[in-house]
Protein chains: 4
Amino acid sequence: MTQKIWGGRFREETDALVNRFNASIAFDHRLYAYDIEGSMAHLRMLAKQGIITAEETSKILTALEEIKVELDRNEIPLDDYEDIHGLVETALIKKVGELGGKLHTGRSRNDQVALDVRLFVRDAIGAVTDLIRDTQSALVTLAEKNFELIMPGYTHLQRAQPVLLAHHLLAYYEMLKRDRERFQENFKRTNTMPLGSAALAGSTFDLDRDMVARELGFDSITDNSMDAVSDRDFVLEFLFNVSVLMMHLSRLSEELVIWSSREFGFVTISDAFSTGSSIMPQKKNPDLPELIRGKTGRAYGHLISLLTTMKGLPLTYNKDMQEDKEALFDTADTALICLEVMCRLLQEISFNAEALKAATGIGFLAATDLADYLVRKGMTFREAHDIVGKMVLAATDQGKELHDLTLDIMKGFASEIDEDVYEWLEPSACLEKRNIPGGTGPEIVQKSLNKAKEELKN
Amino acid sequence: MTQKIWGGRFREETDALVNRFNASIAFDHRLYAYDIEGSMAHLRMLAKQGIITAEETSKILTALEEIKVELDRNEIPLDDYEDIHGLVETALIKKVGELGGKLHTGRSRNDQVALDVRLFVRDAIGAVTDLIRDTQSALVTLAEKNFELIMPGYTHLQRAQPVLLAHHLLAYYEMLKRDRERFQENFKRTNTMPLGSAALAGSTFDLDRDMVARELGFDSITDNSMDAVSDRDFVLEFLFNVSVLMMHLSRLSEELVIWSSREFGFVTISDAFSTGSSIMPQKKNPDLPELIRGKTGRAYGHLISLLTTMKGLPLTYNKDMQEDKEALFDTADTALICLEVMCRLLQEISFNAEALKAATGIGFLAATDLADYLVRKGMTFREAHDIVGKMVLAATDQGKELHDLTLDIMKGFASEIDEDVYEWLEPSACLEKRNIPGGTGPEIVQKSLNKAKEELKN
Amino acid sequence: MTQKIWGGRFREETDALVNRFNASIAFDHRLYAYDIEGSMAHLRMLAKQGIITAEETSKILTALEEIKVELDRNEIPLDDYEDIHGLVETALIKKVGELGGKLHTGRSRNDQVALDVRLFVRDAIGAVTDLIRDTQSALVTLAEKNFELIMPGYTHLQRAQPVLLAHHLLAYYEMLKRDRERFQENFKRTNTMPLGSAALAGSTFDLDRDMVARELGFDSITDNSMDAVSDRDFVLEFLFNVSVLMMHLSRLSEELVIWSSREFGFVTISDAFSTGSSIMPQKKNPDLPELIRGKTGRAYGHLISLLTTMKGLPLTYNKDMQEDKEALFDTADTALICLEVMCRLLQEISFNAEALKAATGIGFLAATDLADYLVRKGMTFREAHDIVGKMVLAATDQGKELHDLTLDIMKGFASEIDEDVYEWLEPSACLEKRNIPGGTGPEIVQKSLNKAKEELKN
Amino acid sequence: MTQKIWGGRFREETDALVNRFNASIAFDHRLYAYDIEGSMAHLRMLAKQGIITAEETSKILTALEEIKVELDRNEIPLDDYEDIHGLVETALIKKVGELGGKLHTGRSRNDQVALDVRLFVRDAIGAVTDLIRDTQSALVTLAEKNFELIMPGYTHLQRAQPVLLAHHLLAYYEMLKRDRERFQENFKRTNTMPLGSAALAGSTFDLDRDMVARELGFDSITDNSMDAVSDRDFVLEFLFNVSVLMMHLSRLSEELVIWSSREFGFVTISDAFSTGSSIMPQKKNPDLPELIRGKTGRAYGHLISLLTTMKGLPLTYNKDMQEDKEALFDTADTALICLEVMCRLLQEISFNAEALKAATGIGFLAATDLADYLVRKGMTFREAHDIVGKMVLAATDQGKELHDLTLDIMKGFASEIDEDVYEWLEPSACLEKRNIPGGTGPEIVQKSLNKAKEELKN
């Protein structure tokens, strides 16, 4: 039978189906360490305020420590309880008798669960940002290792202009940098202490909320008890931040999938990080990036789930809000495993220099540079663009690239063109011309790499 | 170490992290009964087609039955396997040796998982539609039991016109009726057999796909192997149908929450189907409808999750699609428990006749009828609407209802008004005038109840 | 000043900001033809029932026809009205005087808007299903035209097995076929007539609802007035069906984008159906499939939008529901334009036979067939799979394909292999072996094409 | 015919359908002021860098100013253009001839559109945060005006404990404060200048990106050109921040709807801010909060829309991304109008002091305080909770409130209870006991009000 910490005004036992439906213990037991940590801080404060005696405090603290150890060891069966708060309180009363009933003085499950969830999100943000940094490091390492490699930059999945592979990889560094920032701001809003809000109106006891905040490492205390027990913004922010993070990882994953196709052949993933087929003996599949890409849906789904749940709820706490936890936990787990896998995967891929070089040579990737060349010779950009377009068309008809056209033929399109055009069209020359801040020139990319390494040190 | 059913062309062992990330056994083990059922049907067909011998078939069938029993009893540890298909095949080979390797003849995990998921959805639809019918029955029973009760019908949460409570409850009957229809159509598209599609191109063996379909109770076989292994429409439909179902339940839940507020006081939920507060001794909360309402977010989330995952995937199977299962399982579980709880809850609520009657008497609920009265006396509806609006304003100023106004005062607004107006404005008279098909008149509502009971018999 | 069809009980003019916020005329004017059509049917019924006279009816009908013409010609400024219903009624009163006030007899905006939206969805479904059929036809035509072409079938974007291009295209035919089915079922549930429900409780007038239904081509009338005015299931279904349709189109689009990359080079899109770059003169971009793929987000968004809006609304009509229309209109427009573009685009692409052939020859696409070959020689499939995997590895090391290995070398892996293996490994032989129903064998694909053409005739 | 700024390499005219589908001018014309502002800054920089002459610059600047004026006046028909960038460039060339073709030097539409959208979001954030502050002010004003009012605080829509109405209103102040913070952080990440990234790889011209940033008021320049043209994080953040804002407004709206029901009767909305019914003359509906609540779906939908579109896009720009704008524009418009309406609405509601007082007196709202009373007398909280629960049950049976029980009866439950209990149970006493930080005590709430007013000054 489920054990409850309420019931005086009820005449009938709760129905078994109701217990099964209502109980959150199946998932919120995951918060047990936070719940006990919060209870201990609350207790020490009650003692300091003279609301309970030092002796009582000591007994309860010892018992809570034991309960923590028992939960660490899975020694307390979960099924008998409504939620983790009830479990801990009941276990406590079993150990210390009636005295245990004092723990809940000046507290409600409403502010308690708000506290526990904040402690969880705080840790989750820490773990996620650590792994984001590791993934950024992996990108930087990969970029440095392959600094010499030039590849086609794409728009619309069409070859556009030559870029340094390092430049391409650093684009993801930037995305992850924004992700980290968002999580840090998320942390700031998470790190405020709700205890003392009681059910919704604040406690009648003379609680020292600041002391509890200090004990638990919070920066501040919440300013309005009604808001404090019905606020899940910090969870929504976490879900959103993971959604954007996953979107970024989905883009990198898409590229890894495309690049490891036989047609592109830019990348080889190690055997240890690939999988096979139950029927096709030759298959070696990029399952990891595919699965990361697929898990983007999971993050979006959880975000919509909690947004939907919170929509239109009157103040203050409503049972609907119990639905926050599973979405949160699964989102945190998803972010962590995907980052861990991506980080390792980036160490397990090798680039095929031949394929990259060959791809960069075909597809008129220097066409923009040729237009810019003509601008330097006095044309307006729009004219130059038009003329180069016609040259591309002519070359295509002859199965040639721009640099395959003779100077005579080129001059037929624009008399301004000189012998120096051939050097100008070299992929490496295209890069050298782009040492503008943010550009793909080797010098500026090297600077970006250095800057990134500096940032990662902090 | 994870056991795999591929690997010949791989030089390195799969990394442990990769196994942990890729493996679906933690959730797809739930498909084991379907997987074995499908394997047995496949096997019997292989035998009939002479692809394996009767003796071999018999040995494998016996072993599969044993494995089924062992899985029923949780005797096979899951952690060592990549997925349920690998688990079953490996367990089989342990039992019958090399021979077990014949089971996968003419089959791929791609068509196998498509089969298993279809079998799951088929059953889930069956269970959900059964519970929908039960909930419809509970609504009908509740409506019949309270057939005499009149209550305010609302628009914009403002009292609008008197309605029969039974009529209000039957509105939900109609919603659930559409839900059932949608699930039945979902079933039809689910009930087609994909096996024989192999990895993507169809098998090279002379399989009798129709026989497998018959054995497994499918209506038809899939028509295109590439579509068959990459189609998850039937899962999406299920997720959508549950989303709409949950939306309906969220509306009913919202009403139950509002109706059990002290301010409305229309409904009392039994103690056995309510819960209390850890801090406020007086509280009796409508947790159940709140939680159902909250779980709507979960359904919407899973729908968006799989829609997102499927977006932009090239043919045919991609690993992303592994993400279909957890969303599906949780959605099915959510629908089933919410229906079960709602169905029971409807048996545990009682309506407060006094409160309903009092509420129906206040708020000018007969104003439309008064306008219609004036139309019958020759006014256009627009004039009548305007005059009654002014009468409402005057009555409000005097703290009166329309029927409290004297005939003289009424005639001051419209000379057409006669003594018979008072009877005309009675709530029961308002109902009697609405025996139009679909209306709230007692006769027509009784007919709807009878029709509903007929429909539920089938 | 906004003209209203209510206001008797109001002391103050509505605030201008409120009018601006509340008014739906900016978008619901699009329903005008449906609104007038519905009003005419309602009117003829009122006349038949003797609620208004023949003469009155005739005057109003004539005026409504005039208003229809004026709206067709954009001669009525929209800004002065709250919604399309108010606009029509006010215009009517301007034309025929007080008499126009009779049109709203026995009707509310609640059932009127339900009617108008149903009429819109009915037409939208018709237009969408027509274009789906056209797109299916374009797929069939393209498949027939390129029937000889063999290409790599993919899983995980890795070459898997040879397939007929026609078979690949028919996979999309199947998806669209399910889409059509879903829309047809959606139509069925849309095609029921809500008028007579009035505000929520049914009308007090003796309306002949069946007559109105017949006049407007509805199959049935709604069964419960409270449900009728608060039901938007049929809109949600439409939004979902378009979401799945767009998901299908996004997959085809993704393939067209990948196929028209220089690396794949499978497809050329005509110049008339491609676009260029403002800066890069050489670019020819597959903008159309990209934009279709991108618009998938739009469909998903609208679906979530209305699901969110409907969540937790108490019965019956609430103003929130006004939000259904813009999502609906934009979804219909999106589906129609995307289908129209995809349909035309399929006529503007040409396949590169050389590239397809070359791609099919490389990547061990016959490996599964070799395993099946060994099964026919007596091996279990699992053994065969393992051996072929090792052969693939060996061939890869030598930069060879399977068919490049000498018979001796092959026999070293499996003595069962004979000279006939080389023929067995030919792409065309791989296809011929797959004339199983649903497979990619030319005979069976031809049958599927014929079946498709039959279906399209109906 | 649509005028294009590319086309040299194209042999065929773009198809009319393609133009219609691809063109973004119908919505991106809204960016024209930003586009011209950006072009002017770009131009001045080109001049300073000596890439174009002072005279050329002057001519183009003058022409751009003219074009701005013409667009302000709607004098340029939009239909002929692909997008706003093409429109401006074409209009420029019409005015200054070939020279106009120089404007696009060192620029691509990819970085140009990134710039325009950033300028738009920057302004949108400014406007939204201003209105958030206004709404916060309206809350503070309303709270001050009604500072004396005590009302029931709710959990689960059940009366829980007495709270100050001001405290309740300040909970929304807190939510909006977090919203403002999020938008400000959003601004920070938006306010970085992408121009100079060109198509994707950076420009070959010697651009002074920092100068352009300064001219346009940006804090920094983007660090990676490939990221700069494919980053829409700042748009997603805006969509998310509006979604959370709308969620907050939906909660307040739900409360306003519930509070203005006749059953609650806590609030009266002015006639000027209410609407009526086309059929029911007595109706006065809270349309405004309902519509705000309903528009929450719109915000969530747009968020999911863009998240979906961005999922899995390879670098760098893809046409899919054109879909960002309509979602963005509509989200900004929705946030602005909803805030404006809510802000005004808060000035148009009046609270019914009688109803609030009556509601606070019934429902055992002091039960927690009674338990706390017993704790002070030496009981553990859990015992006290249980005893008070039983007292509530007994009182309920007698149709009484706690304070109606005689001291004798009370002592029967707990001998510790004394005469002072009656004072202790007064609503005002319940408040006085809660002057803990964050609590609902009048002193602390007054401090919160003062703090809020301070914050709003900044």
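In what follows, chains are A, B, ... by sequence order, proteins preceding strands, each numbered from 1.
- When heavy atoms are compared at a cutoff of 4.5 Å, D:Glu181 approaches chain A by way of both its backbone and its side chain.
- Here D:Glu89 is the residue among D:Glu432, D:Met246, D:Glu89 with the most heavy-atom pairs under 4.5 Å with chain A.
- Relative ring orientation between D:His104 and A:Phe381 is described as tilted, the plane-to-plane angle lying within the 30° to 60° band.
- Heavy-atom distances place the side chain of D:Ile436, and not its backbone, under 4.5 Å from chain A.
- Side-chain contact of A:Thr204 with D:Asp369: a donor-acceptor pair under 3.5 Å is absent, judged by distance alone.
- Distance check: A:His248 NE2 to D:Asp227 CG gives 7.5 Å after rounding to the nearest 0.5 Å.
- Residue with the most contacts toward chain A among D:Thr155, D:Thr440, D:Ile52: D:Thr155 (heavy-atom pairs, distance under 4.5 Å).
- Of all the heavy atoms in A:Pro162 and D:Ala201, the pair that sits closest is O-CB, 4.3 Å.
- Scanning for ring-ring contact (aromatic ring centres under 6.0 Å, His included) contacts around A:His168 gives A:Trp259, with sequence neighbours left out.
- Heavy atoms of A:Leu170 lying under 4.5 Å from chain D belong to its backbone as well as its side chain.
- Within the 4.5 angstrom heavy-atom criterion, no atom of D:Ser197 approaches chain A.
- For D:His385, the part sitting under 4.5 Å from any heavy atom of chain A is the side chain, from C-beta outward, and nothing else.
- Note on residues 388-397 of chain A: pairs passing salt bridge (charged side-chain N to carboxylate O under 4.0 Å, His left out), not counting sequence neighbours, are A:Asp386-A:Lys390, A:Asp397-D:Arg11.
- Using a 4.5 Å cut-off between heavy atoms, A:Asp320 does not touch chain D at all.
- The nearest pair of heavy atoms linking A:Ser225 to D:Gly439 is OG-CA, 4.2 Å.
- Under the 3.5 Å distance criterion, the side-chain polar atoms of A:Tyr317 are left unmatched by any main-chain donor or acceptor of D:His156.
- A:Arg251 touches chain D through backbone and side chain together, each having a heavy atom under 4.5 Å away.
- Ranked by heavy-atom pairs under 4.5 Å with chain D, the list A:Met321, A:Glu98, A:Arg182 is led by A:Arg182.
- Proximity to chain D (any heavy atom under 4.5 Å) is restricted, for A:Ile221, to the side chain, taken from C-beta onward.
- Looking at A:Arg189, only its side chain comes within 4.5 Å of chain D, counting heavy atoms on both sides.
- Side chain of A:Asn224 to main chain of D:His167: a donor-acceptor pair is present (N/O by atom type, distance under 3.5 Å, no hydrogens or angles).
- For the pair A:Lys188 and D:Glu185, the salt-bridge criterion is met [side-chain N within less than 4.0 Å of a carboxylate O].
- Considering only heavy-atom pairs separated by less than 4.5 Å from chain A, the leading option among D:Met247, D:Met391, D:Arg107 is D:Met247.
- Geometrically, D:Arg376 engages A:Phe205 in a cation-pi contact, judged by NZ or CZ lying under 6.0 Å from the ring centre and within 45° of the ring axis.
- Between A:Leu315 and D:Ala171, the shortest heavy-atom contact is CD1-CB, 3.8 Å.
- Note on A:Lys311 versus D:Glu254: no salt bridge recorded, every NZ/NE/NH1/NH2 to OD/OE distance being 4.0 Å or above.
- Comment: D:Glu237 does not engage A:Arg178 in a salt bridge, judged by the lack of any side-chain N to carboxylate O separation of less than 4.0 angstrom.
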